[in-house]
Structures are given as C-alpha cells and as structure tokens.
Amino acid sequence: MPGINLDTLNPQQREAVLATEGPLLVLAGAGSGKTRVLTHRIAHIIQDLGVSPYRILAITFTNKAAAEMRDRLEALLGHSVRGMWVCTFHAMCVRMLRADGDLIGYRPNFSIYDDDDSKRLVRTIMDDLEIDQKHFPPNMIRSLISDAKNRLVDVDEFEAHAQAPHLRKAAQVYRELEKRLARANALDFDDLLVKCFELLSTHPEVLERYQERFRYISVDEYQDTNHVQYRICELLARAHRNLMVVGDDDQSIYSWRGADITNILSFEKDYPEAKVVSLEQNYRSTGHILEAANAVVAHNAARKDKHLFTDRGEGEKIRVYQASDERDEGRWIAAEIEKLHDAGTSYNDVAVFYRTNAQSRILEDMLMRAGVPYKIVGGTRFFDRAEIRDVMAYLKVIVNPSDDVACQRIINTPRRGVGQTSIDKIRGYAAREGLSFFEACEACIAEEKLLTPKVRAALSEFCQIIEHGRHIEGELAHVVEAIVEKAGLITALQSEMSIEAEGRVENIHEFFSVAAEFDATHDLEADPDGEASELPAVAAEKLPAFLEWLALRSDLDSLEGSTTAATLMTVHSAKGLEYPVVFVAGLEEGLFPHRGTGDGPANSEEERRLAYVAITRAEKRLYLTHAGVRHVFGTVQANPRSRFIEEIPREHLVFEGVGSFGFSGTGWDKRGDRHGTFGSGRGSDMYGGRVFGSQTRSSGGIKAPEPIKADAAKAAEVFAPGDQVSHKTFGPGVVTAVDGDAIEVHFTRTGKTKKLLKGFAPIVKIKG
C-alpha cells in the first residue's frame, strides 16, 4: 500500500519533513532532493497529521513542476489530492481574482493578455499618443512598466520619479495602459500578481478566508521570487506562519527578470523563529565536481554557508582545455563528444553550455563539421535567429531587389512607420503594375494619393538604404557592417536597453565575424567573360557568393535522420537540468564572467552563481574550455582564463591543450578528420581550400592568423556524378550533381537528395 517511509530520507531531509509548524527555510543545494522533501513533507502532513489537502497550498514556478509535484503526491498517498492547490503564482492569482476580482473592479470573465496581446496594445497606445517608436522602442517601454508593476510601483509614483525622457514616455504609456486594460476588463501577466496583491491587501475578509483555508503553505524556488510575490506570500502566511520556503541562494541567477535574492537571504530576519535546514548531500554529481562547485561559490559574500558532499566517490577529475582560438575550442569539444560516443555514451547524455547565445555559432559549425547531431534548447540555431535573418534579408535585397519575401520582411524592420495597411497597398500596386515589391516601393514614393507623406518618406529612406548598400566598397565584413549600420538594426536594438536586446546585438556582431571568416577563406575566380557588373566589385562578387554559402550552411546537414543529439544551451537555460557529461565553453574574463553585467559586487556574485549552476549540472564528467585568443565581433582578443577556473583547487583539475599560442593537439589524426570532415592535419583547419596557421604575437599585440594556401596533398577531394559516398549521419549515397563546391547526393537509406558543401559536410568518397 502506498505511503511515506521516512527511513528512505537522509537525516537533513527527514528533519525538514518533520518540521511542520512555524516558518521553515530549506536551503536545498544543487541535486539534494528538494522535490522529494517537498512532496514527503506534504504527504506527512496529510497522512500522519490528518490535515485535509484542502488546507494546503504549494506554489511552484512552472506548470511542469506543479504537475510533477501533484503526480508524486498521488503516488505517495495512493489517492487524489483533490482540493489542494498545487500551482504557479500566476495560476493561484487567477483563481483568487476569478472568485473575488469584482471587489476591485474586475468581472469574473476578465481576459488575460499574453505577451503578444500586451505588445500589440502598447504599440497601439504609442501610436495614439504619437510617441516615436524608433526612439522609444515598445519593448523598452514594456520592460520599464513591467519592472514597475513587479516592484508594486503604481503609475502615480512612477510618474512622480520619471525624470529622463524615456521614463516620462513610459509613464504616459503606463497610465493609458491601465485605463485601457480596465476598460477591456483585461489583465496582463504582471497585473495578475499586482491585482491579486491589491485584492488581498485591501479586503481583509478575502485575506482572512484564504489565511484560514491555507494553514500550510510551501513555496519552491524561493530565491527566484520578486517583490510582489514576496509580499503575497507574506500576507497569506501572516496568520498561522506555517510557511515553508525552499530554495538555493547559490542558484539565484535571474535578477535581470526581477528576482530578488534578499527574499531568501532575509527570511530569518522576516521570521526570527524560523527553523533552517540545509540539504547538502548531493545525489547527482561526483566528488571532484562538487568540490569545484563548492570552491567557486565560496568566494561569494552574500550567501548562506553550505558545503555539498556525496557518497558517490570522487569520480573523474575535471578536464580543462586551453584552445588556441574559438574554432580550436569547438573542434576539440566535437572530437571529445565523438570519442565519448564511440565508447558508448549517447549523444543525449551530453550538453554544451555557453554564457552568451552568440557563442553557439562556432560550436554549431564545428559540431556540424564533425557530424555530431545537436539540438538547441531554450534558443534557436544561429542562422535561424530573427536578427540574423533580418541582416541576411537586407543583403538579399541589395543583391536581388526582386526578392519580394526578403523585401517584405525588412520594409518595416526596424520600425519606420510602414504598417501592414501600407504594405498591403504596395503589394496591390505591385500586382496591378507587374512590378516587384521593391520596384513598387520606389514607384509609390511619388504616389501622393496612395500613401501618406509619412509612409512615403519612410519608403524613400528604405530605398536609399538599399541603394547605399549597392555602392559600398571594401572588405566583405566592412560592407556588411556598413549596411547594418545604415539600416539602423543595431541602433534600434540598443535603444531597447534590455538583456535580450543586448544578446541580439551580440549575435549581429558575431555575424560580422562570419563575413570576415568568409572573406579570409574564399577566393573569387575572375569573371571569364570579363563583363562588368552593375554592382560595385565587392557587392557584385562577394555578396552573392556569401549568401549562397550561408544558404548551403543553413540547410546543410540538418541531421534530421538522427534519433539522439547533444544539447546546446546557455547556462541560464540549463538551470534545473542535469547531464552525465557537460562541457562549459568560453571560460575567459570578459566572456564568463561576462563584461556586460558590470563590475559591481552584486553582478560579479551573480556571474559566480551562474558558474556554480553550470558546474553542478554535470553528473559524471565535466569539461571546462577557454581560448588563448578569440575573434570577437571582427577583432582578436586575448582574455585571461576565467577567475572561476582559478578558484578551483588544482587537485580537482587536469589541464591540457595548447598552453601557448602554438600547436594544438585536438585528437584528429594526421590524415585529417577520421570522418572526412577536416582535410588538414592536427592543429590546423581546412576550410574552403585554406589552412589557418597558429596565432602569432607581435610587438603590436595579437595578430589575426594569416590564411595560407593549402598544398596539393591537402586539397579538397574531387567528386563527380556517380561517385559512391558515405555520410556520417545519412549513410551511403550517390553523387547526382556537382556545382563548384556544392554537391547533390541521393541517400539510399532515407531516399532523400540533399545539397551539401564540400569541406563542410561529414562526407567521404568510397573507394571502388
């Protein structure tokens, strides 16, 4: 018969489960079984103390966590926990507002505006108030209003302290937003919390009813609560003070979302009689990994003292690899994953973490080259990201103004006042006159009756950007950067002043590195006919070739035939997850810890907590990598190894790699990649017919590597229609067509024909 067995718990877990009366703070270290404690404690209250599930409230942060907790409780108790509230903060607030929202002016059938609804409403308000959305981006305005609501700053207080222009505009929008939401009987996600707090704090009879009902309250991930969530918890628990909060201050990494670490650090001050239990036995990781995590996070001052331990043994030491540059780093990670896979480790058991989304580009590149299937969690593949597709669309229109899809994508990106109604009119004009969309844009500039002067001015600006792009000369990276600057893509993102926008800017800067890489590794053949192009030299020759190369890379080797895949994600996305094998890339000062977070103590400590989270995701094997030099946004930087590596005692680490800026042993044999991906020897990179030498130093600092011609012995393999080939993932196939560096292959296993790029796809010719 189901039931709880306290003998299955360790002493600290048992202590927490039995502490049912009064405030309780459970400091649950990474991998210490906090969900087990939460569910066993609730089951103990119901089964052993005879408390009705109706009297219990369990708050989680995700619907997934709530569903898991409910399932575990029903398995423990052997019956339904009907009547108990197991839900997220927002779900709890919705239930309370549906029942009593009329007391603060909301009918029970109120609408809940999701992110898209809210964004649309704010933009409409800004249009009506004639606020320039180019200078005051809607996302920035929404972020300011959201932050104010979660700090319980009402519109009057916000307006009173709005000194800067962007704050004054936000105050205008905030006031009108409140009016329109109220008129529509609607609430956005922030309002669900704010209005619930308003209901509980202004109507004592409602608060008393919920206080009487919920005698036992538990809150998971308490370190991630914001101010309004903290205040709601305090109100509900005020009568009986049976409030259990579970969290880990060492895993508080969401301050940029409004999470306030002081909520958990000050719990004992708020509740002087609180019992504190530390869960320090880790059931996930081996000894070396845990000691590394302990050593790193111990350097933080604002934390509760705890020390993780395990009975799983020391395990393997942590391997630290110093790469010559970011390409060598990615190549080494790919090689190590392949070694592990060949030894029996599933790709599903491997995760690669990085601090910023922009880092994924090179890692994706190297994994694809090695034929390692991968998936990105909590993000999008680099070349599929919206800001990258925007840049590529500008380049496409400059090369081919007849590309209607690309042109319509960017006609109002960034926002320049060409709305959907105007776009529809331009499309109609194009259809009537038999013009491309871009030609119609040019023609409509003079059509006074069709479009407003404001829209025609915006069209003129757009057409000038495209025309300007067709006359920029210089290196490809310079051309791309100049086009982006003229288009205002980066300026628009920077004006949003948000963490998300900063990441998008970093991605665009990384795209400049892609252009520079293409420039350095691809020679253009002279036009055999000697005909002059209508575009300037660079735009005419390199932009089309660059776009073709990108198109091939983007569609190339999607690896959809794989049933398993390594996981790529930012460290922020990794919280709550665990993997047998973890790689943490880019551990360098300025990157991780990230320079964008500032140098203040609070920022530095949050970066260290982020490193702690990354380390404690690993169960059996942990790899930390850093590069001697890194190509960052078109420049070459040499950053010191991250302080987080330096803070780990040496007895837990094994160092390997270049140790200097010279030879790098990556595990690829001298015949090249054993899968036929790399055509060069160890420590060099065959890419598009060129080999990069090692990094060099000069009196002027670090110099980017000079590309040198590959010798004949290392030239790319020649393919012809009819050749039998083998692809690492798709298996055997036959070459059906060859066009320069691109080959088409029909794969017998899948029955599909795919277009691949020589020197990039993991494909080799089968010798007859």
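Only a predicted model underlies this, so the values are computations on that prediction, with no experimental measurement involved.
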Modelled atom types, side-chain donor and acceptor of [X] and [Y], under 3.5 Å:
X      : Y      : value
Asp190 : Ser146 : yes
Asn150 : Gln229 : no
Asp250 : Asn300 : no
Thr570 : Ser573 : yes
Glu387 : Asn507 : yes
Arg215 : His240 : yes
Gln13  : Glu15  : no
Glu21  : Tyr216 : yes

Test: [X] and [Y] ion pair at under 4.0 Å:
X      : Y      : result
Lys149 : Asp188 : yes
Arg389 : Asp384 : yes
Arg168 : Glu159 : no
Lys304 : Asp248 : no
Lys195 : Glu198 : yes
Glu280 : Lys306 : no
Glu205 : Arg209 : no
Arg415 : Asp132 : no

Measure from the side-chain N and O atoms of [X] to the backbone N and O of [Y], and report whether any donor-acceptor pair falls under 3.5 Å.
X      : Y      : result
Thr62  : Ala65  : yes
Thr616 : Tyr612 : yes
Thr88  : Ala91  : yes
Ser495 : Ala492 : yes
Asn263 : Thr225 : yes
Asn412 : Gly419 : no
Ser201 : Phe197 : yes
Thr39  : Thr35  : yes
Glu178 : Tyr174 : no
His203 : Leu199 : no

Taking C-beta and beyond as the side chain, do [X] and [Y] meet within less than 4.5 Å on heavy atoms?
X      : Y      : value
Leu568 : Lys375 : no
Arg303 : Asp305 : yes
Glu234 : Arg238 : yes
Leu152 : Tyr230 : no
Asp191 : Tyr113 : no
Tyr579 : Phe353 : yes

Pairs involving residues 46-71, ordered by first then second residue, that meet salt bridge (Lys or Arg N to Asp or Glu O under 4.0 Å) (sequence neighbours left out): Glu68-Arg72
Asp156 vs Arg175, side chain to side chain contact (heavy atoms under 4.5 Å, CB included): CA-CA, chis, key distance, verdict: CA-CA 8 Å; Asp156 291 332; Arg175 186 170 295 282; 2.7 Å; yes
Between Arg595 and Glu607, is a salt bridge (Lys or Arg N to Asp or Glu O under 4.0 Å) present by the stated rule, with each step listed? CA-CA 10 Å; Arg595 66 171 61 86; Glu607 286 292 297; over 6 Å; no
Any idea how [X] and [Y] line up, ring-wise: parallel (<30°), tilted (30 to 60°), or perpendicular (>60°)?
X      : Y      : value
Tyr222 : Phe267 : perpendicular
Tyr254 : Trp256 : perpendicular
Phe61  : Phe89  : perpendicular

Shortest non-hydrogen contact from [X] to [Y]?
X      : Y      : answer
Ile411 : Arg416 : O-NH1, 2.8 Å
Tyr210 : Leu200 : CD1-CD2, 4.1 Å
Ser360 : Phe382 : OG-CB, 4.2 Å
Lys34  : Ala28  : CB-CB, 3.5 Å
Pro272 : Arg241 : CD-NH2, 4.4 Å

Residues Asp115, Arg142; criterion side chain to side chain contact (heavy atoms under 4.5 Å, CB included); working and verdict: CA-CA 10 Å; Asp115 188 64; Arg142 292 180 65 226; 2.7 Å; yes
Looking at Leu49, Val51, Ile42, which one forms a side chain to side chain contact (heavy atoms under 4.5 Å, CB included) with Thr20? Leu49
If we check side chain to side chain contact (heavy atoms under 4.5 Å, CB included) with Asp100, which of these qualifies: Ile104, Leu103, Leu97? Leu103
With a 6.0 Å cut-off (strictly less than), is the heavy-atom count around NE2 of His79, excluding the residue itself, greater than 12? yes
Looking at Tyr283, I'd like to know if its OH atom is crowded, meaning that more than 12 non-hydrogen atoms belonging to other residues, nucleotides or ligands lie closer than 6.0 Å. yes
Partner of Asp390 by side-chain hydrogen bond (donor to acceptor under 3.5 Å, both in side chains), out of Arg504, Arg385, Arg409: Arg409
With salt bridge (Lys or Arg N to Asp or Glu O under 4.0 Å) as the criterion, how do Arg609 and Glu606 come out once you've worked through the C-alpha distance, each side chain's angles and the decisive distance to 0.1 Å? CA-CA 5 Å; Arg609 292 193 293 270; Glu606 180 147 336; 3.4 Å; yes
When you look at Ile490 and His509, which way does the side chain to side chain contact (heavy atoms under 4.5 Å, CB included) test go after all the steps? CA-CA 9 Å; Ile490 288 179; His509 282 149; 3.7 Å; yes
Yes or no on salt bridge (Lys or Arg N to Asp or Glu O under 4.0 Å) for Arg120 and Asp116, after CA distance, side-chain angles and deciding distance? CA-CA 6 Å; Arg120 188 178 298 110; Asp116 189 60; 2.6 Å; yes
Under the side chain to side chain contact (heavy atoms under 4.5 Å, CB included) rule, what do Glu510 and Asn357 come out as? Steps first, then yes or no, please. CA-CA 10 Å; Glu510 178 61 22; Asn357 272 304; over 6 Å; no
Under the salt bridge (Lys or Arg N to Asp or Glu O under 4.0 Å) criterion, do Glu221 and Lys575 qualify, and how do the steps go? CA-CA 11 Å; Glu221 304 287 4; Lys575 186 172 178 292; 3.1 Å; yes
